[in-house]
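Report on one structure; see the data block that follows.
A quick note: this is a predicted structure, and the numbers were derived from the prediction, not measured. Side chains included, hydrogens not; waters and symmetry mates left out as well; all remaining heavy atoms used.
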Amino acid sequence: MHWREHWNRWKEAVGLDKQLKEQLASIEGDEAVLEDSFYKYLEFGTGGMRGEIGPGTNRMNRYTIRRAAEGLARYIEDHGSEAKEKGVVIAFDSRHYSYDFAMEAALTLGAHHIQSYIFQELRPTPELSYAVRYLQAFAGIMITASHNPPEYNGFKVYGEDGGQVPPEPAKELIEKVESVKDELAVETANENELKASRLLKVIGEEIDHAYNNELQTIMMNPELVQEKGENLSIVFTPLHGTANIPVTRLLETSGFPNVHLVQEQAMPDPEFSTVNSPNPEEKAAFDAAIEEGKQHGADILIATDPDADRIGIAALDQSGQYELLTGNQTGALMLEYLLSQRWEQKTLPENGIVMKTIVTSELGRAVAEHYGQTILDTLTGFKFIGEKIKQFEQNGSYQFQFGYEESYGYLISEFVRDKDAVQAALTAAEMALWYKMQGKTLHDGLGDIFEKYGCYKETLDSLTLKGIEGVRKIETLLKEFRESPPEMLNEQEVAVIEDYQTQERAYVQESRKEKIELPVSNVLKYIAADGSWCCIRPSGTEPKIKFYFGVKENTEEKAEKKLQQLKREVMEKAHQYS
């Protein structure tokens, strides 16, 4: 259907939401905006959908939410009456319309007589994952756009294991969503009638209590925390999101009383008004926390993103300044701490497994293998790690030890099946205390790891290419790299080319290929003879194409120089194609 036909449907719709109708009228004279708003349906992928809020089929609004929820309802109906009775848990974050969108989803499910549970107030994504498992629900919905700008929101779907729906079942779900041809005609039930019939139940404190009890079990050295926890000074900011109460409650009940909250960022705020971006990957998001840290002489600064599945850590460096750790560095520190402590406590299993993504540092492989643990790479996206946890739990082949990705997502214990910044906050605090008792900061600890395994450095770059033309440019860029791959990286011959779309790994010098045992994905990775690597992938949630780089050297200075040269080479080629 041409975008004008979609636009006309909306213009002529009877009873269209008044605010959306006014917004539609305000853009009527801007054909480019109208086309972008209506040229397609907002893409519903394996993890759900995410987009800008506004009128149109390619925007987040009550009607596109109803379409997604209608598709999920049809999917649940195909799984029978038991699935309908198990129902769906729904949570939401602090973004614009998050509660409204959550309720629209519940009312759409209710029209199909599907049980739903909705949190009374905003909650973190990991607690939604936990709640699906705790209530033995069939599915979960999280209304969030993670760390995207304020004008975005999203709809994420979780399976009955508490993990994001993986590719195979997601295909069926996507087909159901795409079968909904008229989002304006989706039926919804009455909220009061649903509550009276108990088909819609409001949840909260019981889940909070159970989740917090599980969180208490993840500490490696609870006695150390109880005895010395007050010696660690912590500054925490939830960046206007959902993590304020869960994280501060957990730290204090676990034995860390010396927690200083960044007050101006403590309350939920859909505009994220004190930061340019509520993204703990970015140093600017730590500006207020750094000032707070200086006032209190804090040992560690912790920031979580709006839905509290990702976490950033800053600690004092050798010059006495707060320096943000990268996602790879935090992951390596956590992995070394967890495995070393389990090794000392003789609780490390022979069949333990650590999981990371294909764009995450190879340092994780070195750490895991040092402690005799299997290391497994997955595609980017924590849903793939969650899927593997479920598989290993069912067949008993491996015991989960740690899962992480370079984009600041970590999972310490599998009672949650998505990355969990609440868990990670406690592990970061415990780890910082452990190093402090040795007279070291986290940066000192990272130096110890580099000395032990070699100096690994990574970085990321991206090109933002918006709209229809941006989609075409991203496709062209990948096509060019695929058809004309680089022969050299950093004056080293490219030894391995991994194409996750064809699922082939090519060993260039040996003229040999092997199958990659991962799902199909439009991703390319190049590995040089010295182990330096570059990976190229389009973002699944933003109009971007991302470039990941990694190197290893024997000193930080050499590693940094090699890394920047690698990045410069690849990005020059990328700009030619875009």
Side-chain angles (χ1 to χ4, degrees), residues 215-216 218-238 243 246-262 280-281 283 285-286 289-304 308 310-342 344 363 367 402 404 408-413 420-452:
L215 289 164
Q216 302 283 347
I218 70 172
M219 285 189 287
M220 291 290 97
N221 293 295
E223 297 85 5
L224 172 67
V225 175
Q226 286 298 321
E227 292 173 12
K228 304 291 186 179
E230 64 182 5
N231 294 329
L232 189 77
S233 179
I234 303 168
V235 164
F236 170 59
T237 173
V247 169
T248 53
R249 177 180 57 208
L250 175 64
L251 291 173
E252 288 167 4
T253 56
S254 299
F256 292 104
N258 200 1
V259 179
H260 309 281
L261 191 63
V262 179
E281 293 185 54
K283 188 168 184 179
F286 276 81
I290 288 171
E291 291 306 310
E292 191 82 18
K294 290 176 180 176
Q295 290 179 32
H296 298 284
D299 300 293
I300 182 174
L301 314 180
I302 298 173
T304 52
R310 298 161 69 253
I311 187 171
I313 305 295
L316 293 170
D317 62 15
Q318 291 181 337
S319 67
Q321 301 298 311
Y322 289 108
E323 185 65 31
L324 180 62
L325 293 160
T326 70
N328 283 310
Q329 290 170 346
T330 296
L333 279 161
M334 288 184 175
L335 181 57
E336 173 71 17
Y337 177 69
L338 293 168
L339 297 188
S340 68
Q341 297 309 294
R342 289 172 187 153
E344 288 184 11
L363 178 53
V367 176
F402 186 62
Y404 76 115
Y408 293 59
Y410 314 96
L411 182 63
I412 286 86
S413 180
D420 187 344
V422 186
Q423 288 191 31
L426 180 57
T427 296
E430 182 186 351
M431 181 171 69
L433 177 64
W434 186 78
Y435 276 112
K436 185 172 186 179
M437 292 301 99
Q438 302 172 53
K440 296 180 179 180
T441 68
L442 289 179
H443 284 285
D444 294 330
L446 184 63
D448 291 346
I449 290 173
F450 285 162
E451 189 173 330
K452 185 174 180 179

Exercise for the section: Evaluate the criterion side-chain contact (heavy atoms from CB on, under 4.5 Å) for residue pair W434 and L224; output intermediate values, then yes/no. Expected result: CA-CA 8 Å; W434 186 78; L224 172 67; 4.1 Å; yes
Problem - Verdict with supporting geometry, K440 and D448, side-chain contact (heavy atoms from CB on, under 4.5 Å) - result: CA-CA 10 Å; K440 296 180 179 180; D448 291 346; 2.7 Å; yes
Practice task
Mind running side-chain contact (heavy atoms from CB on, under 4.5 Å) on L251 and L426 for me, showing each step along the way?
Solution key: CA-CA 6 Å; L251 291 173; L426 180 57; 4.3 Å; yes
Practice task
Starting from the C-alpha separation in whole Å, work towards a yes-or-no answer on side-chain contact (heavy atoms from CB on, under 4.5 Å) for F236 and V262.
Solution key: CA-CA 6 Å; F236 170 59; V262 179; over 6 Å; no
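E451 CD: 12 or fewer foreign heavy atoms inside a 6.0 Å radius. Around the CD atom of Q318, the shell of radius 6.0 Å holds no more than 12 heavy atoms that belong to other residues, nucleotides or ligands.
Between A303 and P280, the shortest heavy-atom contact is O-CB, 3.7 Å. Contact between L301 and F286 at its shortest, heavy atoms only, is O-CE2, 3.9 Å. The two residues A298 and L316 make their nearest non-hydrogen contact at O-CD1, 4.0 Å. Looking at every heavy atom in both residues, I311 comes nearest to A424 through CG2-CB, 3.7 Å. In plain terms, the two heavy atoms of A289 and V235 that are nearest each other are O-CG1, 3.7 Å. When every heavy atom of A243 is checked against every heavy atom of T304, the shortest pair comes out as CB-OG1, 3.2 Å.
L363 has its side chain within reach of F450: a pair of non-hydrogen atoms, C-beta onward, lies under 4.5 Å apart. Taking the side chain as every heavy atom from C-beta outward, I218 and M220 never approach each other to under 4.5 Å. The side-chain heavy atoms of M334 and F402, taken from C-beta on, include a pair separated by under 4.5 Å. Put simply, the side chain of I412 does not reach to within 4.5 Å of the side chain of D420, judged on heavy atoms. For the pair Q423/L215, a side-chain contact is recorded, criterion being any heavy-atom separation below 4.5 Å from C-beta on. In this structure, Y337 and L442 have side chains that are not in contact, with every pair of non-hydrogen atoms separated by 4.5 Å or more.
Of the listed residues (L324, L333, T326, I300), just one forms a side-chain contact (heavy atoms from CB on, under 4.5 Å) with I313, and that residue is I300.
Without hydrogens or angle criteria, Y410 side chain to G327 main chain gives a donor-acceptor distance under 3.5 Å. Side-chain atoms of H443 come within 3.5 Å of backbone atoms of E323 as a donor-acceptor pair (strictly under, hydrogens ignored). In this structure, E336 contributes its side chain and V367 its backbone to no donor-acceptor pair below 3.5 Å.
By the side-chain hydrogen bond (donor to acceptor under 3.5 Å, both in side chains) test, S340 is found to be paired with no residue, residues two or more places apart in sequence or in another chain being considered.
Within the model, atoms NE2 of H260 and NE2 of H296 stand 5.0 Å from one another, a figure rounded to the nearest 0.5 Å.
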Please list every donor-acceptor pair under 3.5 Å in which a side-chain atom of residues 225-234 meets a protein atom from a residue at least two apart or in another chain.
residue, atom, partner, partner atom, Å
Q226, NE2, S254, O, 3.1

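Using a 3.5 Å distance cut-off with no hydrogens or angles, the side chains of D317 and S319 do pair a donor with an acceptor.
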